[in-house]
Amino acid sequence: MDNEMTLSFLAVSENESLARMAVTSFVAQLDPTIDELSEFKTIVSEAVSNAIIHGYDEDGKGLVTVHAVREGDVISVAVKDEGNGIPDLKKAMEPLYTSKAEMERSGMGFTIMESFSDNLQVESEPGVGTVVTFSKKFHTVKMPQIS
Amino acid sequence: MNYEINMHLDTIAVIRLYGELDHHATEQIRDQISRTILQGSLKTIIWNLEKLNFMDSSGVGLILGRMRELRAVNGQTIILNPSNTMKKIFQFSGLSAYMMEKKEEEAIMHARGIVNG
Ligand SMILES: Nc1ncnc2c1ncn2[C@@H]1O[C@H](COP(=O)(O)OP(=O)(O)OP(=O)(O)O)[C@@H](O)[C@H]1O
Ligand SMILES: [Mg+2]
């Protein structure tokens, strides 16, 4: 392992940008392209907002933990909550499925996370919580120096 | 998060979004955007994302929600200047058809039914 970080924060929506900022700094070591970085930030934003919105119903009390590890050019991230859990994971991961349509959620979070990551795993148990784990390989090509 | 709404002829709203559009930000701006839109005789919303640095699925929810509000008047939605990542998000969400490769001025002309060249 080359580097590791853990960030924990309360389930309030202000902290979504905090989580993005922290992981952005963490991957800066890999010199990612703009697109790689924005896809990576999007995955983290989806997982963290799910923990806050669905895991804890934005109660401002529960703790969300983001744990990131770098091994070479691969970053692995786990986003964890000890909140409501997901009763039917298969259904939850279908595109356009949302349990909070009245909040204008679009049900695209898991689809986006799966498309932008190299592999995504979700473990969840009702009443216990949810852990979303994913990794992403960064293919940064160094630009030739112009002399 | 910041935004700017400019009305054209009472029927076209151009919404420019600035900064980062996430769940927190959409909750801050949704009501006011919605209220502005529901005034007057709006027919078209043009979302200009040129100055938007980040967007997640919350942006999809915001745009789909306003499309729903415009449905009663058979309104139209145009999305301009999404980043590569935003383009992919709109594609996954079935919103590809609403993205337009046009400048803001051209999109306004298009919405007014004025075809150039
Ligand atoms: N951490 C979590 N805890 C409890 N339930 C969750 C969690 N994450 C997701 N879910 C459930 O899975 C569903 C689908 O999640 P997904 O992120 O795909 O869509 P969404 O959050 O509802 O909408 P969007 O992400 O487009 O705003 C949610 O509506 C919710 O019911
Ligand atoms: Mg979600």
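Heavy-atom basis, side chains included; hydrogens, waters and symmetry copies ignored. Values in this document were obtained by computation on a predicted structure and should not be read as measured data.
The 12-atom threshold is not exceeded at CG of B:N74, counting heavy atoms of other residues, nucleotides or ligands nearer than 6.0 Å. In A:E82, the CD atom is not crowded: 12 or fewer heavy atoms of neighbouring residues, nucleotides or ligands sit closer than 6.0 Å.
Listed in order of number, the residues of residues 53-61 of chain B that approach chain A to under 4.5 Å between heavy atoms are B:F54, B:M55, B:D56, B:S57, B:S58, B:V60, B:G61. Contacts between residues 96-107 of chain B and chain A, defined by a heavy-atom separation under 4.5 Å, are made by no residue at all.
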Expected list for residues 3-13 of chain A: side-chain donor-acceptor pairs under 3.5 angstrom, two or more places apart:
from	atom 1	to	atom 2	distance (Å)
A:E4	OE2	A:H67	NE2	2.6
A:S8	OG	A:T65	OG1	3.1
A:S13	OG	B:H24	ND1	2.6

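No chain of hydrophobic side-chain contacts below 4.5 Å, direct or via other Ile, Leu, Val, Met, Phe, Trp or Tyr residues, connects B:L80 to B:I15. The hydrophobic clustering, which links ILVMFWY residues whose side-chain heavy atoms are closer than 4.5 Å, places A:V79 and A:V69 apart. Note: the hydrophobic cluster containing B:Y3 does not contain B:V14 (ILVMFWY, side chain heavy atoms under 4.5 Å, direct or indirect links). Clustering ILVMFWY residues whenever any of their side-chain heavy atoms sit less than 4.5 angstrom apart, transitively, puts B:L17 in a cluster other than the one holding B:I108. Residues B:M7 and B:I33 share a hydrophobic cluster, clusters being chains of Ile/Leu/Val/Met/Phe/Trp/Tyr side chains in contact below 4.5 Å.
Between B:K88 and A:F116 the shortest heavy-atom distance is CD-CE2, 3.6 Å.
The residue among A:K41, A:E58, A:E16, A:M103 with the most heavy atom pairs within less than 4.5 Å of chain B is A:E16. Comparing B:L64, B:I89, B:T26 by heavy-atom pairs within less than 4.5 Å of chain A, the highest count is held by B:I89. In terms of heavy-atom pairs under 4.5 angstrom with chain B, the leader among A:G109, A:P95, A:S115 is A:S115.
Note that OG of A:S17 and CD of B:E20 are 7.0 Å apart. Values are rounded to the nearest 0.5 Å.
The salt bridge (charged side-chain N to carboxylate O under 4.0 Å, His left out) analysis of residues 30-55 of chain B, with sequence neighbours excluded, yields the pairs A:E104-B:R30, B:E27-B:R30.
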Item to check | Working for side chain to side chain contact (heavy atoms under 4.5 Å, CB included), residues B:D22 and A:R20 | outcome: CA-CA 10 Å; B:D22 62 5; A:R20 288 197 301 274; 3.0 Å; yes
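Within the 4.5 angstrom heavy-atom criterion, only side-chain atoms of A:S49, from C-beta onward, approach chain B. For A:I53, the part sitting under 4.5 Å from any heavy atom of chain B is the side chain, from C-beta outward, and nothing else.
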